[in-house]
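Read the structure below first, then the notes.
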Amino acid sequence: MNRVFALVDCNNFFVSCERVFRPDLEGKPVVVLSNNDGCIVARSNEAKALDIPMGAPYFKWKTYLEQHHVTVFSTNFMLYGDLSGRVMDVLQEHCSSVEIYSIDEAFLDLTGVPDPVAFARELRQTVRQWVGIPVSIGIAPTKTLAKVANSVAKKQSQYGGVCQLTGTASDDPLLQTFPVEGIWGVGRGHATTFFWGGVESAYDAKYVDATWLKEKMHTTGLRLQEELRGRSVHAFHAEPDPQKSVIASRSFGQQVTALSDLQEAVATFTARAAKKLRDAGRTTTYLWVYICTSRFRSTDRYSNGIGTALEVPTNDTLALSARATQLVETIYKPGYMYQKAGVHMLGLQDEAREQLSFFMPPTTTKQKHLMAIMDRINDKFGERTIFPASTGVAQTWKVKRERGSPAYTTEWKEVAIVR
DNA sequence: TCTGGGGTCCTAGGACCC
DNA sequence: TCTGGGGTCCTAGGACCC
């Protein structure tokens, strides 16, 4: 039996989240900035109509935004995460098989649903009513086609937010109008390859010679084509795979030069990543640290990273911070204006599967207990209520966030007040 | 002055072993 | 002086995603 997938995608998600609490901004241009107020990462349709590009640096567009009375928000991840959870709850309530794909997207397995389009229309209404977030839904026998259908549903109002593709030749007229670079999995590199091969539309990619495709894009290309032809290659994962890595990194609010500042920042990011590990019940076996100057400056650039395999898998903040600050010291070069630092933890394992080493003692019960207490306090009273001294007190490198909306749903002191 | 952050997957190439 | 080939594991880096 043919599978039927749906892709539910929130429209302009971060902007829609802000509008839930600012209904006066409905119909008006709104953008949301990335961390550090660096880039524009979400735009309302009205902002898109003003030709404000995705990823544009804020400082370059500030004047233009003011001139056109665009409302600007700093990023508010607590709010977006919370509303995302509420959207996913609604989806899970109406469908038994949901794969959460990102903060604003989920695949549903609608195989066996008698009228998927009618189902999707109703679901769309429900999410809008219950959570206040508008969504678009694409339906198809493969994930790639569901993505295409979703994109069409979002951009062409005559579809009313729901579009279905079948995986047969009846898709072809629509695929002819769909640019190849809009396909899921086609980025800049593959788009260039397609361009030189004369492949312009999704239709062209569907019927292009498979030998050529394999030579140029290897299995990635072949899989993409299979999916466009209606044969499902990308499996549906109702249960998420265990996470394989965690990253914590930030650009600094202002550039720093001192080793001690970098170590403080790296210790802070390490603490954040280690907390993620503990929350997920995972440990890490490999720690990687990097520091770099701004990639936009033309001179005096420096970037370097270094990693180390850990003798004993751990998620202990103190142990990891100590290693991380040592590593920073080995790659630090004085005289540079550092802009960013980060920590990657790789080779994650299940916490329960503790491996003993001949050379090092296992993480002691005492250390685990300390971490548990620290987490409990910080979960209850807010991040960094208590923290290791290595992560610093002044944090001169801390991010900038000048136009933030309140944490309406996750902080009692900031809940919306009805007048 | 000011340009995001967190992930996954794939491939190439080196090290090492037999 | 002559100097193989195949397999596996690891890491780095590219490409892509949201």
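Of the residues in residues 214-245 of chain A, not one comes within less than 4.0 Å of DNA chain C through any heavy atom. A heavy atom lying under 4.0 Å from DNA chain B marks none of the residues of residues 136-150 of chain A. Heavy-atom distances under 4.0 Å link DNA chain B to K276(A) of residues 258-285 of chain A, given in residue order. Listed by residue number, G38(A), C39(A) are the residues of residues 36-46 of chain A with a heavy-atom contact under 4.0 Å to DNA chain B. Listed by residue number, the members of residues 326-347 of chain A with any heavy atom below 4.0 angstrom from DNA chain B are Q339(A), K340(A). Contacts with DNA chain B (heavy atom under 4.0 Å) in residues 175-201 of chain A: none are found. If you check residues 293-306 of chain A against DNA chain C, you find no residue with a heavy atom closer than 4.0 Å.
A side-chain donor from one of N304(A) and Y302(A) sits under 3.5 Å from a side-chain acceptor of the other. When only modelled atom types and interatomic distance are considered, E18(A) and Y80(A) share a side-chain donor-acceptor pair under 3.5 Å. N315(A) and T284(A) share no donor-acceptor pair across their side chains, judged by distance under 3.5 Å alone. In summary, the side chains of S102(A) and D104(A) do present a donor paired with an acceptor at a separation below 3.5 Å, with no hydrogens or angles considered. Side-chain N/O atoms of T144(A) and T142(A) include no donor and acceptor closer than 3.5 Å. Counting only N and O atoms by type, the side chains of Q263(A) and S390(A) include no donor and acceptor under 3.5 Å apart.
Checked against the 6.0 Å centroid criterion, the rings of H68(A) and W61(A) do not qualify as a close aromatic pair. Annotation: F269(A) is not in aromatic contact with W288(A) [ring centroid separation under 6.0 Å not met]. With ring centers used as reference points, F178(A) lies 6.0 Å or more from W184(A).
Side-chain contact between K143(A) and F107(A) is present, with at least one heavy-atom pair separated by less than 4.5 Å. Considering only heavy atoms from C-beta on, L318(A) comes within 4.5 Å of P388(A) through its side chain. In this structure, the side chains of R282(A) and K244(A) stay at 4.5 Å or more apart for every pair of heavy atoms. Here the side chains of L25(A) and R19(A) are in contact, with some heavy-atom distance below 4.5 Å. Two residues are said to be in side-chain contact when any heavy atoms from C-beta on lie closer than 4.5 Å; V152(A) and Y159(A) meet this criterion.
Per the geometry, CE belonging to M54(A) stands 10 Å off P belonging to dC18(C), to the nearest Å. Note: OH (Y80(A)) to P (dG4(B)) measures 17 Å, nearest angstrom. Across the protein-nucleic acid pair, K60(A) atom NZ and dC2(B) atom P stand 12 Å apart, rounded to whole Å. Between N11(A) atom CG and dC18(C) atom P the separation is 14 Å, expressed in whole Å. Y286(A) places its OH atom 14 Å from the C1' atom of dC9(C), with the value rounded to the nearest Å. In this entry the distance linking CD of Q255(A) with P of dT1(B) reads 11 Å, nearest Å. Straight-line distance from the CD atom of E99(A) to the P atom of dC17(C): 16 Å, rounded to whole Å.
Y207(A) pairs by the side-chain contact (heavy atoms from CB on, under 4.5 Å) definition with D172(A), Y203(A), not counting sequence neighbours.
Note that R384(A) lies in the cation-pi zone of F387(A), set by a 6.0 Å cut-off to the ring centre and a 45° limit from the axis.
One distance of note links CD of Q225(A) with CG of L228(A); it measures 7.5 Å at 0.5 Å rounding.
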Would you please test K275(A) and D379(A) for salt bridge (charged side-chain N to carboxylate O under 4.0 Å, His left out) and show each step? CA-CA 10 Å; K275(A) 172 72 160 63; D379(A) 284 344; 3.0 Å; yes
Could you walk me through whether H344(A) and Y286(A) pass the ring pair (Phe, Tyr, Trp, His ring centres under 6.0 Å) check? CA-CA 8 Å; H344(A) 293 205; Y286(A) 194 87; over 10 Å; no
Can you check side chain to side chain contact (heavy atoms under 4.5 Å, CB included) on C163(A) and I139(A), steps first, answer last? CA-CA 6 Å; C163(A) 172; I139(A) 303 166; over 6 Å; no
Table please: side-chain donor-acceptor pairs of residues 245-261 of chain A below 3.5 Å, with sequence neighbours left out.
none

Less than 3.5 Å apart, which donor and acceptor atoms pair up between the side chains of residues 70-77 of chain A and the rest of the protein, not counting sequence neighbours?
| from | atom 1 | to | atom 2 | distance (Å) |
| --- | --- | --- | --- | --- |
| S74(A) | OG | D37(A) | OD1 | 2.6 |
| S74(A) | OG | D37(A) | OD2 | 3.4 |
| S74(A) | OG | E402(A) | N | 3.4 |
| S74(A) | OG | R403(A) | N | 2.8 |
| N76(A) | OD1 | L79(A) | N | 3.4 |
| N76(A) | ND2 | S405(A) | O | 3.0 |
| N76(A) | ND2 | S405(A) | OG | 2.9 |
| N76(A) | ND2 | P406(A) | O | 2.9 |

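Place I247(A) and G253(A) on DNA chain B by their nearest nucleotides, and G253(A) ends up nearer the 5' end.
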Give the dot-bracket string for DNA chain C, reading 5' to 3', where a pair is Watson-Crick or G-U wobble with both distances under 3.5 Å, ( ) marks pairs inside the strand, [ ] marks pairs crossing earlier ones, | marks a partner on another strand, and . marks unpaired. ....||||||||||||||
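Pairs passing the salt bridge (charged side-chain N to carboxylate O under 4.0 Å, His left out) check and including a residue from residues 223-242 of chain A, sequence neighbours excluded, read E226(A)-R231(A).
In this structure, A248(A) reaches the sugar-phosphate backbone alone: every heavy-atom distance under 4.0 Å involves primed, P, OP1 or OP2 atoms, never a base. Nucleic acid contact class of F13(A) (heavy atoms, under 4.0 Å, all strands): none.
Of the side-chain N and O atoms in S251(A), one or more sit less than 4.0 angstrom from OP1 or OP2 of dG5(B).
At distances below 3.5 Å, not a single donor-acceptor pair connects side-chain atoms of D109(A) with backbone N or O atoms of V98(A).
On the C1' atoms, dC17(B) is 14 Å away from dG4(C), given to the nearest whole Å.
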